Amino acid sequence: MSYDPVMLLEAYRRMRAIREFEERMRREVQMGTVPGFVHLYCGMEAIAVGACMHLRDTDYIGSTHRGHGHCIAKGVDIGAMLLEIYCKADGVCKGKGGSMHIADLSKGMLGANAIVGGAPPIAVGAALTHKTLGTDGVAMAFIGDGASNQGTVAESLNFSAVLKLPMIFMYENNGYAEFTGTGYHLGGADIAKRAAAFGMPAEKADGVDFFSVYDAVGRAVVHARAGNGPAAVEAFAYRWYGHFEGDMQKYRGAGEVDRLRETADPLVKFEARLVSDFDIGADELREIDEEIIELIEDKVAVAKAAPKPSNDALYTDVYGSY
Amino acid sequence: MSYDPVMLLEAYRRMRAIREFEERMRREVQMGTVPGFVHLYCGMEAIAVGACMHLRDTDYIGSTHRGHGHCIAKGVDIGAMLLEIYCKADGVCKGKGGSMHIADLSKGMLGANAIVGGAPPIAVGAALTHKTLGTDGVAMAFIGDGASNQGTVAESLNFSAVLKLPMIFMYENNGYAEFTGTGYHLGGADIAKRAAAFGMPAEKADGVDFFSVYDAVGRAVVHARAGNGPAAVEAFAYRWYGHFEGDMQKYRGAGEVDRLRETADPLVKFEARLVSDFDIGADELREIDEEIIELIEDKVAVAKAAPKPSNDALYTDVYGSY
Amino acid sequence: MAIKTYREALSDALAQEMRRDPTVIILGEDVVGGLGGTAGEDEAAGGTFGVTAGFAAEFGRRRVIDTPITESAIVGAANGAALTGLRPVAEVMFMDFMGVCLDQMLNQMAKFRYMFGGKCDVPVVIRTLMGAGFGAGPQHSQNLYAMLTAIPGLKVALPSSPADAKGLLATAIRDNDPVIFCEHKLLYGETGEVPDGEYLVPFGKANITRSGTDVTLVAFSRMVLLANKVADKLAREGISVEVIDPRTTSPLDRDAILASVGKTGRLVVLDESDPYCGMASEITALAATEAFSSLKAAPAKITPPHTPVPSTPHLEQLWLPSLERIENTIRATVGKRAA
Amino acid sequence: MAIKTYREALSDALAQEMRRDPTVIILGEDVVGGLGGTAGEDEAAGGTFGVTAGFAAEFGRRRVIDTPITESAIVGAANGAALTGLRPVAEVMFMDFMGVCLDQMLNQMAKFRYMFGGKCDVPVVIRTLMGAGFGAGPQHSQNLYAMLTAIPGLKVALPSSPADAKGLLATAIRDNDPVIFCEHKLLYGETGEVPDGEYLVPFGKANITRSGTDVTLVAFSRMVLLANKVADKLAREGISVEVIDPRTTSPLDRDAILASVGKTGRLVVLDESDPYCGMASEITALAATEAFSSLKAAPAKITPPHTPVPSTPHLEQLWLPSLERIENTIRATVGKRAA
Ligand SMILES: Cc1ncc(C[n+]2csc(CCOP(=O)(O)OP(=O)(O)O)c2C)c(N)n1
Ligand SMILES: Cc1ncc(C[n+]2csc(CCOP(=O)(O)OP(=O)(O)O)c2C)c(N)n1
Ligand SMILES: [Mg+2]
Ligand SMILES: [Mg+2]
C-alpha cells in the first residue's frame, strides 16, 4: 500500500487530537466539570484514525459508548463535540445527547450509542442505503470485544453477508469489557474468526500501529466499495484508562498501564515511522501538537462558557410533527 | 461406536412413531380437525431420534415450532401430545399450549417454542442447572437453519462456551426457513463453522442417516457430559412437507419432494442398515409399525373425543400465587 | 371508490408510495420469498399474508428485500436506512416478535431525533400483525401497542377499516417520524370502500364511526367493528352510542374524545389489549382527569382478562371481548338494562 | 434494626436467601468481575453498584456467575435454570436494556406456566436499575415498569425504601413466579431502618407511608420520597395527605387504593414514567371506574412529559416531577391554593 504524506499528516493530526482531547477530558472529569459518563479512547487512537482515513463524509460509521475517538477520526468538529459533551445549546446535538450520543450526520457519523450492540444494525442500514441507491459508499460499525458477543452483532454480520452490503465490521479488541477480560468473556477467543464464519474476509491488525490498521481496513474498504459485500477487521489495542472515568481497574495487573504507555503508545509508534520512513520532521509534528492543544484549550473554554439549552428544549425534537 | 440392538429397535420405534404421527396429523389438518398451526417433521426423523437416543429423562431439550418429532424422540407420551394438539383438558399442557407449545418437564422437554431463536437460551439455562448442581446431565437445543441466524443463538453459543456448560447445539438444516432457502439466508453457508468459531467442537452429519446423527451427537454428548463444555452438530435433512400445512411450496423445484421420498427416507435408510448389519428382521419392524399405527389411531380418537378445558381454565395458571 | 379488502388496501398504499417515491423500500422475512431455494428466484410468498405479492416484479428485488430471520437486524437496518435517506417499510411478521427487536424501537428509532438535537429525520415504518382470534396461540396473538404508545418518539397507527389501512399507511410512509403500523390479522379479509388514487388519512384525527348522544364508546382496531355492531343494535332500541376510533394512539386525538365525553357524559373504552396500563386505562384516565365534571356515570373498561392468549379455541373466544359484554356494559353505563 | 442504605439492604436480602437456599444463584455482567483480566481472578467489581461485593468469596463463583454482555442469554439462561430447579437472580444492569432481551420476559418467562398448563414453576428474579436524575442520558434512565406490569405472568416490584428493598427482594426470590425487581438508582444511597434477620414484605400489599383524610397520593419507587416530603409539609398547613406506596404494581393492591380514595374522595398519582399507558393512568382509571361515586374532584396525574430523558442536567431536573409541582397539584385537587 502506498501512503500519501498529506494523508499521513492528517492522520497524525487526528490521532493527536484524540489523545489531547481525551487527556483533557480526563482532567476535566476529575475536576468534576463534565456532566454524565465519559469513556476515554486513549491508547486506541490508531484504530479509529487508521480506519476512518479510508472514509469519506458520505460514508457512515456507527459508534459505541466510547465514541470520542470515532467522532474526531471521522471529522466531527471538535468545538461542536465539546459543546455537546458539556450539554450546551450549540452542541452538535443541541446539548441533548452528551458524550454518549454525539452524532453528526453531515459527517457520516450515525451516533455514539449507549446500548452495547445497538449501533451495528444501524450501520448495516446505512450500508443498505448505499447499495440501494447504487453509490460506492460504505458503512462501518465500531464494535468492542464485549459487544462482539451481542446477538445484534451476529445478526448484522449475517444480514450484511446475505445482502452483500458494503459494510465493514471494525472490531476494537481492547482486552476488556468493563471489568472482565477477553480471556474470559470471548468464546473461541477469536473475533475475526467469527466474522469469517459468516462468510466474509476478516483479518487481524495491530491496533497500536496506524499502518497495520490502515492497511487491513484499506483492503476491507476496497472489497466493500467494489460491491463484494462486507468485510471485517479485528484490531488489538488496550485502553489506557478505566472503563469509565472513576473505574478502579482492579482487574488489571500491576503496572499494566505504565507498561502500555511506555511500549504501546500509538502516537509514539506512528511518529517513529513518520520520521524514519516518510521524511517528516518531528518539529512539524510538534507544531501540529501545539495547534491542537491550543485548539482544545480554546474550545473547552468556549464550551464551558456557552449557554445551556433553554428550558423549552426539553419538549422539542421528540417528533418532527405531532 | 457400538450399537445396542435394544436401543436400535427403540430408535426405530420412535422414528416410525414420528412418521406415522405426522402423516396422520397432516391428514387431520387437511380435514380441518386440528386447531392452530401445525409444522410437520417428516423427513427429519433421524435427527431428533439420533440425537435424543443419547439423552436421559433428566437431560433437557429446547425445541422449536416444529416440535412434534423432538417430543416423541424425547419420550413424551403420544396420547398426552395428541390431547394437547387438540387442546383438550387432559393434554400434556392442559390444552392451553397446543402444537407449538408442547412441554413436558418430567421428560426433560422444555417446550416447543413459537419464537424462532427463543428456546436456545432457555436450554442453556438448563445446562447451567446441571453444571451448578454438579450432575453429569446435559441440555440440547434444536435449532433450524433459519433460527441459526438469530442473535439469541450466537449469544447462546458464546454464553455456554464461556461458562463451559454441558450444552449441545443440535442444528437441523432442512434447507429452508419458511419460503427462503439456505442458499440465500445463511451467510457463510456453514452453520457448524459458526459454532466452531465460538470455541466448541462442531461437526456435520447426514440427517437422513440415523447412524450419522447418532455418532456425531454421541461424541458431542460425551464431550459435554465430561465437563468439557458445549458442542455442536449440524445435520442435513430436507423436510418433506410445507413450512406449515397449507404452504404451496413454490420455492421448491419440481419433483423435489417426490425425489426426497424416494431417495432420502430416513426410515427406509435406517431399516436397510438394521436388516443388513444388525440382523433385525423386517417382520419385527412391521410389528412395530402396526403397533404404532394402532396406537396413534387410538389416541387420535381419544383426543378428539376428550373434554375441552373448562371455561375457568382461561384464568388459571397465569401465576402460581397472586 | 371500490370495494376492497384490508389486505388489498394495504397493498394499494404500499404500491402507491413506492411508485411515488423511489426511496421507499420494503424489507422483511419472505416479503418476496423463493431465494436460495431449488425453484429459481420467482416470488414464492409475497409476504406471509400476501400484502407484497407482485411487488418484486414491479419494483425489483433491490427495493423489495428478503431478509434472514433476524428482527433486530431488520429493524436496525431500517433505522439506519431511514437516517441516511431512504424511507424503509420494514415488516415484523407478528407483533409478538417485538420481544426480539425492542431495543431498535425503544432506544434507537424513538430517540434519534431527540438525542441528535433534531438534526435528523427517522422516516421508518414498521408494519406488524397483531391480534387474537386466529388460533395462533400465546406467542402470536398479542396486542402490544400500549407499550409502544408509551415510548416518546414513536407514532402508533391502528387501522380498523380498509380505507384507513390505505390512508394511514400512506401517511405513515410520508411521515418523518418512526411509525409502528399495527395490522389486525382478523381484519385482513374485511372489505370496505377504499378511495382510488392517492389517499391519505391524517394522524391524530379520530374517526367518529357512529354519532350518538348517550354514551361515548372508544374502540381500537378490530374492536371498532364490534363497537359499531353494538351501537347499531342499541340505536334501534333508542340508546344512542357515539363510537370513536382514534386510529392512532400516538398522536392521540384527545380533543375528539373529550368533546364526545363532554357531550354524552358517559364513557366506555373497548380495547383488545391487557387491562393494565393499556389504552382502556389511558382513555379512562384522560376522561377522569380532563372531563371529570362532564361525567355522569363511572367510565367503564372492556378488555380481555390479564392472561396470555390461550391456544384453546373456545378459551380464546372467551378471552376476547364479546358483543354481549359490550352491550351489557353500555346498558349498565347508560343505566338502562335489557328489556 | 439497623440503619442501612438501600444498597446494603439489597445485599442483605441476597445474602440471606443465598445462605438459606443453595439453589439461589446470581448471574449477570460483572456481578463479580475480574475474570480474564491480567490481575488474577479476584473480585474486580461486585456488581456495577457494589450490591454483590464479597459474594463470590462467600458463595463461590459457581453461584455468583459473571456473564458476557448478552442480556438475552442472561435472562434466557435464568429462565431455563428456573424451569429446571434453580432460583436464579439475574441482573439486567439498566432497565433500558430490556430492549435487547424483552422476548425472554414477554414471550418466555411470563407465559411458561400458562402455556405449559401450570406444570412448572418459574422462580426467576430479574434485578434491574431504573430511573432518571443520575445524568445517565436517554438510554440509561428510563422507568419501564408499566410495560412489564401489562404482561400477564410477570410480577413487578418497586422498592422505595431500604426496608422494602430487603423485604421485597427476599419475597421475590422465594416467589415461584417471575419477578422483575426494579431498583431506582437514586435510591441506592438512601438510608433507613432495616429489620435484622429474615425479613419478608408480601407482594400486593401497599404501604401507607402517611395517613391522611383530604387526598390520596399514590406514588411509586423514588417518587414515594417526594410524596412523603410534600405530605409532611402540607400536614403542617392542615392539608392531610394519605400517601400510598403500592410497592408492587403486579400484583397491585387495588383494595388499599380504593379504600383510601373512598375515604378521601380525592386522588393524585405520582409516577416517574411516561404519562401515557403508565401507572398514573392505571391508578386514575382504577379510581374512576371503581370509586367514581366517592370522587369529589377530578383525579390528577403527575408524570414527566412525553419525551426521552435528556442528557442535559438542568433539563433532566425539569423532566422529573418536582416537589413544587406535586404540592401545587395537591393544593389544586383539594381546592386550597398556596397562602
Ligand atoms: C445492552 C447493554 N448491556 C450492557 C451495557 C453496559 N456496558 C456499557 S459499556 C460495557 C462494556 C463494553 O465492552 P466493549 O464492547 O469491549 O467496549 P469497550 O468499553 O471496551 O470499548 C457494558 C457492559 C450497555 N451499555 N448496554
Ligand atoms: C422471532 C420470530 N421470527 C419469525 C417467526 C416466523 N417463523 C416461524 S418458523 C420460521 C422459519 C424457521 O426456519 P428454520 O429455523 O429453518 O426452521 P424450520 O421451519 O425449517 O424447521 C419463521 C420465519 C417466528 N416465529 N419468530
Ligand atoms: Mg473492550
Ligand atoms: Mg429450516
Side-chain angles (χ1 to χ4, degrees), chain A residues 58 60 62 84 89 91-98 100-106 108 110-115 117-134 137 139 150-152 154-163 165 309 313 316-322, chain C residues 22-23 25 27 35-36 60 62-63 65-86 88 90 100-101 103-104 106-124 152-155 175-178 202-204 250-252:
Chain A
T58 48
Y60 292 101
E84 189 56 41
V92 62
C93 301
K94 291 201 207 144
K96 279 149 85 163
M100 278 206 288
H101 304 288
I102 300 178
D104 185 350
L105 293 179
S106 72
L110 295 166
N113 207 310
I115 302 295
I122 297 166
V124 163
L128 178 61
T129 296
H130 278 308
K131 169 147 188 187
T132 304
L133 299 181
Q150 277 284 21
T152 53
E155 294 191 11
S156 299
L157 288 168
N158 186 59
F159 193 97
S160 50
V162 166
L163 293 179
L165 298 182
T316 56
D317 303 322
V318 182
Y319 295 97
S321 61
Y322 201 63
Chain C
T23 68
I25 62 165
L27 68 164
L35 289 177
R62 193 172 270 226
R63 290 180 65 199
I65 303 165
D66 278 330
T67 69
I69 310 174
T70 48
E71 284 80 5
S72 285
I74 295 170
V75 179
N79 285 344
L83 282 178
T84 56
L86 300 184
V100 297
C101 56
D103 181 64
Q104 288 293 337
L106 171 70
N107 291 318
Q108 311 297 341
M109 66 164 77
K111 294 182 171 56
F112 287 149
R113 187 185 293 275
Y114 199 76
M115 295 191 298
F116 301 169
K119 295 186 180 169
C120 63
D121 283 327
V122 194
V124 54
L154 298 186
K155 293 177 177 173
D175 201 289
N176 284 329
D177 294 313
F203 279 14
S250 180
L252 178 69

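The structure presented is a predicted model; accordingly, all values stated were derived computationally and were not measured. Order of the sequence lines sets the chain letters (A, B, ...), proteins ahead of strands, with each chain counted from 1. In what follows, every heavy atom counts, from backbone to side chain, and hydrogens, waters and symmetry copies are set aside.
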For chain A, find which of [options] contributes the most heavy-atom pairs closer than 4.5 angstrom.
options	answer
Gly117(C), Gly85(C), Ala82(C)	Gly117(C)
Ala110(C), Ser250(C), Pro178(C)	Ser250(C)
Gly118(C), Gly36(C), Ala73(C)	Ala73(C)
Lys119(C), Lys111(C), Gln108(C), Met109(C)	Gln108(C)
Asn79(C), Leu86(C), Ile65(C), Leu83(C)	Leu86(C)

Contact origin within [X] toward chain A - heavy atom pairs under 4.5 Å:
X	answer
Phe116(C)	both
Ile69(C)	neither
Glu71(C)	backbone
Asp121(C)	neither
Lys155(C)	both
Asn176(C)	neither
Asp175(C)	side chain

#### Entry: Shortest non-hydrogen separation from Leu105(A) to Cys120(C) and the atoms involved
CD1-CB, 3.4 Å
### Query
Which heavy atom of Gly80(C) sits nearest a heavy atom of Thr129(A), and at what distance?
O-OG1, 4.3 Å
Between chain C and each of [options], count heavy-atom pairs under 4.5 Å; write down the option with the most.
options	answer
Ala123(A), Ser321(A), Gly91(A), Pro120(A)	Ser321(A)
Gly118(A), Gly98(A), Gly97(A)	Gly118(A)
Asn158(A), Val92(A), Leu165(A)	Val92(A)

### Query
Counting only N and O atoms by type, is there a donor-acceptor contact under 3.5 Å from the side chain of Asp177(C) to the main-chain atoms of Tyr319(A)?
no
### Distance-only polar pair, side chains of Thr316(A) and Tyr114(C), donor-acceptor under 3.5 Å
no
Proximal component of [X], with respect to chain C [non-hydrogen, under 4.5 Å]:
X	value
Asp104(A)	neither
Tyr60(A)	side chain
Ala126(A)	both
Leu163(A)	side chain
Ala154(A)	neither
Val318(A)	both

[Y] and [X], any side-chain heavy atoms less than 4.5 Å apart:
X	Y	answer
Glu155(A)	Ile74(C)	no
Leu110(A)	Phe112(C)	no
Pro121(A)	Gln104(C)	yes

### Summary
Partner of Thr132(A) under side chain to side chain contact (heavy atoms under 4.5 Å, CB included), picked from Leu27(C), Thr84(C), Ile25(C), is Ile25(C)
